[in-house]
There are 2 protein chains.
Amino acid sequence: MSSKFSNTPCELCASRKHSLFSELSAPSVCTISEFKNSISHKKGQILYYEGTRPLGVFCIKSGVVKVYKTASNGKSQIIHLAKAGDFLGYHALLSEENYSNTATIIEDATICFIPREAFLKTLFTETPFFKRVTKALSHEIGVMEEKLTDASQKSIRERLAFVLLQLSQTFGVEGDENRKIDLILSREEIASIVGTATESVIRLLSEFKKDGVIKLEGKKIIIMDPKGLARMSDFYA
Amino acid sequence: MSSKFSNTPCELCASRKHSLFSELSAPSVCTISEFKNSISHKKGQILYYEGTRPLGVFCIKSGVVKVYKTASNGKSQIIHLAKAGDFLGYHALLSEENYSNTATIIEDATICFIPREAFLKTLFTETPFFKRVTKALSHEIGVMEEKLTDASQKSIRERLAFVLLQLSQTFGVEGDENRKIDLILSREEIASIVGTATESVIRLLSEFKKDGVIKLEGKKIIIMDPKGLARMSDFYA
DNA sequence: TTGTTTGACTGACTTTTGTCAGTCTTTTTG
DNA sequence: CAAAAAGACTGACAAAAGTCAGTCAAACAA
């Protein structure tokens, strides 16, 4: 399934620009580049499983990966959608625990694997990089607090509106007077992000469509009225 | 309101044993100790406010602090209850952002304040300490993922049962055949942890009491049947 | 001590959300 | 291409949870 690809050196990788590696020193970039392994993945493949031991970190060059946990009721909760430039699996490596979630490709991807030792060595010898990673970790905690608060306090309707806004910010492409979410997600996957039943997502989406705040173009969602969505998501007040 | 106290040196502080500082080198403990400031706080006082700039970190010597966010609907969501040995406010410091939450004393506390510079200097010069902090941050992310999944997928009943179990683990004192949660929380505060309405907490608690899994002793809750609670929280299955 | 405030609690009711069963449509595959 | 499978969707219904209004009890203050 996965095929090893020509290893573009990290020095030349376009997605590095906005990643944790953006300010890494030249020699370290070379070290990482030397040990890394670029692999091509198809939709549906699993990058790693919850509960297994991390052997390194992943850096996404292209494609989209969903990171999710499986709840005790069998349903899954999507924690995060990772795209080009994002790193995966460093939490588990740094906490010295097994993976706390599962990562699955949802849009064909090219992903580099950086073995544990090379990553940690660079981390501990390059303080600016270490600081950068720590900053990212701390930031993520704030993001998770926000998600937790929303999940506990907002209605499904508000949460769906908010998720659509976020998706349009992360995966949006500009049209005239609107914004298309350039990512194919099943209704079930949207439900797994929001944390609700698939049927609820379907009903709410058609409601949003009827109200003219969104439009469907094939499998993709177009945001027609971001301000309206923001109001529905209780972004103000 | 707050009164400055005799500064017990960190070297002698009992709560250091289990804190992030547990493996700090002797000279660094001295540096921290020299710059820190021990302050006594009464229930209801606010340690810091969401949205303000962090000037240092807090280390709890005794007492309990609730860390919470205020949602757009005005209700608050308790993220964490911090007790002796816990650190507060380092996320914001490390992410170089304003506080993402508010911290309020809920049980009279003595808390040391370590100024930004002293903390950061120690962090960046002592790699083992830095690693320890990073490990804690990464671990917390896993915990938050778990909380998010529970909040999105479990029923209020399951979540309340789970919260009671957690509280008994963190604040529990052993009795014969039972375990008392040695912390006074209002129903409203419990609701803010679970993320529900106060009335729902009241109703469910009396239901749990009727079923014999808990008992009330004054303002405190006693867990009579932890296994039963675990089953109710859908801990297995 | 008594009036006042606050928190705990209850019941009736509404709204939200989930579940189930089934149809229709699209995609996949033999 | 046809059959099968998966996904999108709908309606009816049930269950969960929130809201509102009000009582009761405890803590607090004058």
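So that the names make sense, note that chain A is the first sequence line, chain B the second, and so on, each numbered from 1. The figures here come from the full heavy-atom set of this structure, side chains too, leaving out hydrogens, waters and symmetry mates.
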**Q** Could you check whether any side-chain N or O of A:Lys154 sits under 3.5 Å from a backbone N or O of A:Ser233, counting only pairs where one atom can act as donor and the other as acceptor?
**A**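 The answer is yes, because a donor-acceptor pair under 3.5 Å joins these two groups.
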**Q** Would B:His80 and B:Glu140 count as having a side-chain donor-acceptor pair, cut-off 3.5 Å?
**A**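 Short answer, no.
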**Q** List the atom of A:Gln153, the atom of B:Ser76, and the distance in Å for their closest heavy-atom pair.
**A**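 Answer, listing the atom of A:Gln153 first, then B:Ser76: NE2-O, 3.1 Å.
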**Q** Note the angle between the end axes of the helix from C:dT1-D:dA30 to C:dG30-D:dC1, five pairs defining each, rounded to 10 degrees.
**A**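 The angle separating the two end axes equals 40°.
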**Q** Among all residues two or more places apart in sequence or in another chain, which pass the side-chain contact (heavy atoms from CB on, under 4.5 Å) test with A:Ser152?
**A**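 Counting only residues at least two positions away or on another chain, A:Ser152 forms a side-chain contact (heavy atoms from CB on, under 4.5 Å) with A:Leu148, B:Gln77, B:Ala151, B:Arg159.
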**Q** Can you check nucleotides 28-30 of chain D for protein contacts, nitrogen or oxygen pairs under 3.5 Å, and list what you find?
**A**
none

**Q** Using a heavy-atom distance cut-off of less than 4.0 Å, which residues of residues 206-216 of chain A contact DNA chain D?
**A**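 Close to the strand are A:Ser206.
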**Q** Give a yes or no on whether the backbone of B:Arg203 and the side-chain of B:Ser206 come within a donor-acceptor separation of less than 3.5 Å.
**A**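 Side chain of B:Ser206 to backbone of B:Arg203: a pair is present.
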**Q** For nucleotides 12-30 of chain C, just jot down a letter per nucleotide in 5' to 3' order: B, S or -, based on protein non-hydrogen atoms under 4.0 Å.
**A** B----SSBB----------
**Q** Going by side chain to side chain donor-acceptor pair (under 3.5 Å), B:Thr104 matches just one of B:Tyr68, B:Tyr49, B:Tyr48. Which one?
**A**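 It is B:Tyr68, the one option of B:Tyr68, B:Tyr49, B:Tyr48 that forms the side chain to side chain donor-acceptor pair (under 3.5 Å) with B:Thr104.
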**Q** Is it the case that the side chain of A:Arg16 and the backbone of A:Cys10 share a donor-acceptor pair, with hydrogens and angles ignored and the cut-off at 3.5 Å?
**A**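 Yes, A:Arg16 side chain to A:Cys10 backbone: donor-acceptor pair under 3.5 Å.
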**Q** Tell me whether A:Thr102 contacts the main-chain N or O of A:Glu50 through its side chain, where contact means a donor paired with an acceptor under 3.5 Å.
**A**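 Confirmed, A:Thr102 side chain pairs with A:Glu50 backbone.
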**Q** For B:Lys61 and B:Ser38, test the side chains for any donor-to-acceptor distance below 3.5 angstrom and give the result as yes or no.
**A**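 On atom types as modelled, these side chains do not qualify, holding no pair under 3.5 Å.
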**Q** Expressed as a whole number of angstroms, how long is the span from B:Ile202:CD1 to C:dG11:P?
**A**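 Result: 13 Å.
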**Q** Between the side chain of B:Ser72 and the main-chain N/O of A:Asp234, is any donor-acceptor distance below 3.5 Å?
**A**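 Yes, B:Ser72 side chain to A:Asp234 backbone: donor-acceptor pair under 3.5 Å.
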**Q** If only atom types and distance count, is the side chain of A:Lys69 paired as donor or acceptor with the main-chain N or O of A:Ser100 below 3.5 Å?
**A**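 Looks like yes, one N/O pair under 3.5 Å.
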**Q** Okay, side chain of B:Asp225, backbone of B:Val213: is any donor-acceptor separation there less than 3.5 Å?
**A**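 A pair under 3.5 Å: no.
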**Q** Given 3.5 Å as the limit, does a donor-acceptor pair link the side chain of A:Asp108 with the main chain of A:Lys43, or not?
**A**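 Such a contact is found between A:Asp108 side chain and A:Lys43 backbone.
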**Q** Around atom CD of B:Glu188, are there more than 12 heavy atoms of other residues, nucleotides or ligands at under 6.0 Å?
**A**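 Atom CD in B:Glu188 is not packed in, count stays at 12 or less.
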**Q** Mind running a 4.0 Å heavy-atom check of residues 179-190 of chain A against DNA chain D and sending the residues that fall below it, in number order?
**A**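 Correct list: A:Ser186, A:Arg187.
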**Q** Taking the side chain as C-beta and beyond, is there a heavy-atom pair between B:Ile184 and B:Lys220 under 4.5 Å?
**A**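 Heavy-atom side-chain distance check passes, below 4.5 Å.
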